Number of protein chains: 2
Amino acid sequence: MRPTVHDIAAAAGVSLATVDRVLNQRPGVRHVTREKVETAIRDLGYVRDVAAANLAKSRVYPLTFILPASDNSFMHGLNAEIRTAIARSVAERTDIRIVEVPAFDPQALVRELETLAAEKPSGVALVATDAPDVRSAVDRLVKDGIPVVTLVSDLTGSLRHHYAGVDNIAAGRTAARLLGRFLGGAKGEIAILAGSMLVRDHRERLEGFAAVMAQEFPALHLLSVLEGRDDPEVAHMLIADALGKNDGIIGIYSLGAGNRGLIRALKEKAADRSLTVIAHELTAHTRAALLDGTIDAILNQDAGHEVRSAIRVLKAKADGLSVIDAQERIRLDIFLKDNLP
Amino acid sequence: MRPTVHDIAAAAGVSLATVDRVLNQRPGVRHVTREKVETAIRDLGYVRDVAAANLAKSRVYPLTFILPASDNSFMHGLNAEIRTAIARSVAERTDIRIVEVPAFDPQALVRELETLAAEKPSGVALVATDAPDVRSAVDRLVKDGIPVVTLVSDLTGSLRHHYAGVDNIAAGRTAARLLGRFLGGAKGEIAILAGSMLVRDHRERLEGFAAVMAQEFPALHLLSVLEGRDDPEVAHMLIADALGKNDGIIGIYSLGAGNRGLIRALKEKAADRSLTVIAHELTAHTRAALLDGTIDAILNQDAGHEVRSAIRVLKAKADGLSVIDAQERIRLDIFLKDNLP
DNA sequence: CCAAATTTGATGTACGTAAATCAAAAAATG
DNA sequence: CATTTTTTGATTTACGTACATCAAATTTGG
């Protein structure tokens, strides 16, 4: 049988109240007594029954998710996954709130983080905008003892406890190798469609992509990046224009959102040409394009996993528990026509 | 505030004892009274606090994992993951036992399942051997009310509650497309190394592979399957022999275990040739081979995820709770050199 | 050494549910 | 209608922990 507080008290030769004081770091215990109890805890291998403790405390975990108010499929999906998690709140003792802040606006994000510092939730998950002010606002939260997880886009150099998202450099590298291998030894130009170079994850994808391309596929020449602002209309215009002007394009890497526009441009302009296309994020549009051959591979991050992982990690950190690292690693999904979920 | 049994009792105008009788389907409640209680439960949106219930019941979940006693990296890894889960038993209220049965021996598996039917554990996970007797033994367990999950290898047509493993047909199809695309339009022969055609997952991988190859890459000709019995020595011999005899081989699909032998053969015989190789299961050996370019892609199923998913599903089924399907879907991981974990 | 301060013990209640017991009420049976 | 059977209520204990209170013991300071 698993040891309880009673067993600890007996083993340490102290009362239940003292064990409680030690366990919950309440004052009024002499150093020697504290050590006796801690020894007993270690010897018996006691682990606090979190369920019973939460019951006694009537614990709920107020969690806040801060998202950019971006109007693209991926953010909509992320939002939907959080709402799905909210539907499970009762069973999971969570109380989740979604806060939207203007996209690409570090100051708005900082203000929100400062508001949160006062509310003292059990945890905060945020899609980070990469700016020094944001970093220090996050650090302040962490120093106040509030668990913080970055979601989808990381904030390296900050004190955030965890990042629930994919390795975007690896994603870019993978895209490059897939594209390079799919093109065999062909020689030609590669168009790159990004959302914005101001966003860290897009920059990182590009960085990884360019590195592998340069090193392993010198026959392929990268055109300068097209910034589609994750907007289907802009993406359509940029790609249609590029394809019209440049006959040498044999491959496209779309590393951001707004793929609806890309796909439309491909169907209009490249029906006769054989283009190899790698895109990010599995949506209804990219899925259809993968199936009909317009896109050759889709790299994806599972928003549902990211959200559930963020919640698990925040709860664990709030309780001072450890997490299963392998379980919380967000994997880069590679979808071909054949392994779609 | 979340409603409790007391609220239900008050709302239904009955006593706590009656609510308890209804909730735990104990006898001695008239039909009309039962309905009153059930209505109150629905109206108030009551959900039983599983943590509190488990506490009151001092519930533990005795779970049994039945594995084939196969001596290959994948099974060793699976075994290790289960032992890791056993280390978490205390916190998760599980009591996990591993039983090994001779591989490819349906009768041994059936005997074990019959033994288990008597022990009445909270759940059973098994790596299924595909045979009618196994199917009926599983069905009997299920009919006895014991949750059953197949692991890694499924048992279609049986009543098992869930399958924690990848879609092997999709895996084979994916391998075919990757290999076909990586080979560009080249013409040549493809060698296939399997463990045994008696195992369902290997048969399915081959089926998917052959289908896509025939339909989409007619320039590639599949040689007849080499059965390496998941044994590195046998695999080495078969591949070395095939490469020695046949100069037309330009690609290899290894859909089983025993890749250590394959890799050795490739290094000896094909240093000068340019072969494209797709293999299954990420191990120390295949990882090294991927990094040094001997293997071009690895398809993988994450044993840790499979084990944790099986446990979650078994616990949920034992409590009559629903699972999050998307969370329990085991994904096919595709690893290139660039996205290794 | 005495008073004050600190440390420890003893005890009770609470969290939400399970499970048991016994009494009381209601329904079914003859 | 009386009797048996079934249904319901009331109450208690338990699970493992948190937290509060008050008394008792011990240590510390002057």
Side-chain angles (χ1 to χ4, degrees), chain A residues 1-41 44-61 89-93 95 122 318-321, chain B residues 1-41 44-61 89-93 95 122 318-321:
Chain A
M1 276 302 275
R2 163 177 190 172
T4 73
V5 277
H6 294 85
D7 302 321
I8 303 298
V14 300
S15 77
L16 221 64
T18 302
V19 174
D20 180 71
R21 289 180 185 114
V22 173
L23 277 176
N24 297 292
Q25 29 227 5
R26 271 184 266 275
V29 184
R30 258 191 311 165
H31 188 66
V32 281
T33 316
R34 186 173 295 272
E35 294 223 309
K36 271 198 299 185
V37 174
E38 278 164 356
T39 304
I41 288 176
L44 299 191
Y46 169 82
V47 275
R48 173 202 248 110
D49 184 329
V50 184
N54 283 347
L55 177 60
K57 281 191 286 205
S58 307
R59 191 163 191 6
V60 288
Y61 301 83
S89 277
V90 180
E92 298 184 351
R93 300 184 107 82
D95 178 15
S122 291
D319 290 335
L321 302 175
Chain B
M1 277 301 274
R2 162 176 190 174
T4 74
V5 276
H6 294 86
D7 302 322
I8 303 299
V14 301
S15 76
L16 220 64
T18 302
V19 174
D20 181 72
R21 288 178 186 119
V22 172
L23 277 177
N24 297 291
Q25 30 228 6
R26 272 185 265 275
V29 184
R30 256 190 313 163
H31 187 67
V32 280
T33 315
R34 186 172 295 273
E35 295 223 308
K36 269 198 299 184
V37 174
E38 278 162 355
T39 304
I41 289 177
L44 299 191
Y46 169 83
V47 275
R48 171 203 250 113
D49 183 328
V50 184
N54 284 347
L55 177 59
K57 281 192 285 205
S58 306
R59 189 153 184 23
V60 288
Y61 301 84
S89 277
V90 180
E92 297 184 350
R93 294 182 171 281
D95 177 16
S122 291
D319 290 335
L321 302 175

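The structure presented is a predicted model; accordingly, all values stated were derived computationally and were not measured. Lettering of chains follows the sequences in order, A, B, ..., and the numbering in each one begins at 1.
In this entry the distance linking CD1 of B:Ile8 with P of D:dG9 reads 14 Å, nearest Å. Rounded to whole angstrom, the span from the CZ atom of B:Arg21 across to the P atom of D:dT6 amounts to 14 Å. For B:Asp20 and D:dT13, the CG to P distance is 17 Å, given to the nearest whole Å. Between the P atom of D:dG16 and the OH atom of A:Tyr46 lies a distance of 10 Å, rounded to the nearest Å. Atom CG of B:Asp49 and atom P of D:dT17 are 16 Å apart (whole Å).
Screening residues 4-15 of chain A for salt bridge (Lys or Arg N to Asp or Glu O under 4.0 Å) gives no qualifying pairs among residues at least two apart or on separate chains. Sorted by first and then second residue, the pairs that involve residues 45-57 of chain A and meet salt bridge (Lys or Arg N to Asp or Glu O under 4.0 Å), not counting sequence neighbours, are A:Asp49-B:Arg93. For residues 10-19 of chain B, the set of pairs meeting the salt bridge (Lys or Arg N to Asp or Glu O under 4.0 Å) definition, not counting sequence neighbours, is empty.
When the side-chain contact (heavy atoms from CB on, under 4.5 Å) test is applied to B:Val47, the partners found at least two apart in sequence or on another chain are A:Val90, B:Arg2. Contacts of A:Asp319 classified as salt bridge (charged side-chain N to carboxylate O under 4.0 Å, His left out), with partners at least two apart in sequence or in another chain: A:Arg59. The side chain to side chain donor-acceptor pair (under 3.5 Å) test applied to A:Ser89 returns A:Thr94, not counting sequence neighbours.
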What donor-acceptor contacts under 3.5 angstrom involve side-chain atoms of residues 9-18 of chain A, with partners at least two apart or in another chain?
from, atom 1, to, atom 2, distance (Å)
A:Ser15, OG, A:Ala17, N, 3.3
A:Ser15, OG, A:Thr18, N, 3.4
A:Ser15, OG, A:Thr18, OG1, 3.4

Quiz: residues 29-39 of chain A side-chain donor-acceptor pairs under 3.5 angstrom, not counting sequence neighbours:
from, atom 1, to, atom 2, distance (Å)
A:Arg34, NH2, A:Arg26, O, 3.4
A:Thr39, OG1, A:Glu35, O, 2.7

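Residues from residues 22-41 of chain A that place a heavy atom under 4.0 Å from any atom of DNA chain D, listed by number: A:Asn24, A:Arg26, A:Arg30. Residues from residues 9-16 of chain A with heavy atoms under 4.0 angstrom of DNA chain D: there are none. Contacts with DNA chain C (heavy atom under 4.0 Å) in residues 52-60 of chain A: A:Leu55, A:Ala56, A:Ser58, listed by number.
With a cutoff of under 4.0 Å to any heavy atom of chain B, the contacted region of DNA chain C is bounded 5' to 3' by C:dG16 to C:dA27.
Between B:Pro3 and B:Tyr46, the shortest heavy-atom distance links the atoms O-CD1, 3.3 Å.
When each of A:Val19, A:Val22, A:Asp20 is checked for a side-chain contact (heavy atoms from CB on, under 4.5 Å) with A:Ile8, only A:Val19 meets the rule.
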